[in-house]
Amino acid sequence: MDFSYATYKNIIDLLHENHYEIADFKNYKQFKRPAILRHDIDFSIEDSYNFSLFEDSLGVKSTYFVLLATGFYNPMLKENRIMLKDMLKRGFSIGLHYDTTAYEGDMAASIQKEKSILENILDAPVDLLSFHRPAPEVLENNLTFDGMINAYSNVFFKEFKYCSDSRFFWRDNPIDTIKSNKYDKLQILTHAFAWHSSDFPAGYTYRRLIDKASWERYTYLTKNIRNPEEFITEKEAINRWGIKGDFTNA
């Protein structure tokens, strides 16, 4: 199974053909066969934003979870705030992606702090929660938190059939799962950075991620110091990191 947009479209088409309804973590009870589409934003808000545009073209809405305790992106950045707010405006749901290793002490308290930060970024309430690389005890204890719906609660992790593409390795292939017709409830987790208009090896995708981050760091540098070409020219940057930041999914 590859990671092309065509394959994702095939997943959506199969869901429709097998009488599943695209649902979310709040309205799933309205449907006989709900399928929740979920995306954890581990590496790139821009990649996730572009993927949401692709989902729009398929006529589906999904849920994206934003990671705050990360070195990969800054949700406070103006461009990222604009993209996240536009996703909300277009009908996508946004929740908190919480890293349990980022804090010591009271998990509930730190979740509430991050919830408040994300709400301020979005100018909207946040009541959805998923865990980043959750430890077994997080998955097994059916954790609940005030004002939050936990995507790994027993309802969504055990009553729903869970399929995940983490590390480019599927925890139960969704195509086979859908075709089997064994399950009436599905939660399908994908990571948008991994998906392209054509299929590429995982190594290429990770190298692209690193090169893109380097190019972004260069462009931020040019905006924050005088005469940046005294130190590194645009030509040098292009030779290192791509043609003027051309990191499209083509």
- Asp86 and Tyr49 side chains, donor-acceptor separation under 3.5 Å: yes
- Message: For His16, is the NE2 atom crowded, meaning more than 12 foreign heavy atoms sit under 6.0 Å from it?
- Response: yes
- Task: Output the distance between atom CE (Met148) and atom CD1 (Ile111), rounded to the nearest 0.5 Å.
- Result: 6.5 Å
- Can you tell me if His191 and Asp47 form a side-chain donor-acceptor pair at under 3.5 Å? no
- Query: Under 3.5 Å, side chain of Ser180 to main-chain N/O of Thr177, donor-acceptor pair present?
  - Reply: yes
- Message: Is the terminal nitrogen or CZ of Arg38 (NZ for Lys, CZ for Arg) located under 6.0 angstrom from the six-membered ring centre of Tyr64 and within 45° of that ring's axis?
- Response: no
- Which of these, Asp172, Asp184, Asp176, sits in a salt bridge (Lys or Arg N to Asp or Glu O under 4.0 Å) with Lys161? Asp172
- Polar side chain donor-acceptor pair, Tyr103 to Glu114, under 3.5 angstrom: yes
- Mind checking whether Ile175 and Leu15 sit in one hydrophobic cluster, side chains of I, L, V, M, F, W, Y counted as touching below 4.5 Å? yes
- Task: State, without any angle test, whether Thr100 and His132 hold a side-chain donor-acceptor pair at a distance under 3.5 Å.
- Result: no
- Task: Please round to the nearest 0.5 Å and tell me the distance separating atom CG of Leu37 and atom CZ of Phe92.
- Result: 9.5 Å
- Note on the structure: Value for CG (Leu58) from CG (Asp13), rounded to nearest 0.5 Å, stands at 7.5 Å
- Message: Distance alone, cut at 3.5 Å: any donor-acceptor contact between the side chains of Asp40 and Ser130?
- Response: yes
- Spatial distance of atom CG (Leu67) from atom CZ (Arg133) [nearest 0.5 Å]: 11.0 Å
- Run the numbers on Arg33 and Glu21 for salt bridge (Lys or Arg N to Asp or Glu O under 4.0 Å), then give the verdict. CA-CA 6 Å; Arg33 304 195 88 193; Glu21 298 282 353; over 6 Å; no
- Separation between CZ (Phe25) and CZ (Phe156), nearest 0.5 Å, reads 6.0 Å
- Give a yes-or-no answer on whether the side chains of Asn74 and Asn80 include a donor-acceptor pair shorter than 3.5 Å. no
- Partners passing side chain to side chain donor-acceptor pair (under 3.5 Å) against Ser93 (at least two apart in sequence or in another chain): none
- Message: Which label fits Phe157 and Tyr152: parallel for a plane angle under 30°, tilted from 30 to 60°, or perpendicular past 60°?
- Response: perpendicular
- More than 12 heavy atoms of other residues, nucleotides or ligands under 6.0 Å from CD of Glu104: is that the case? no
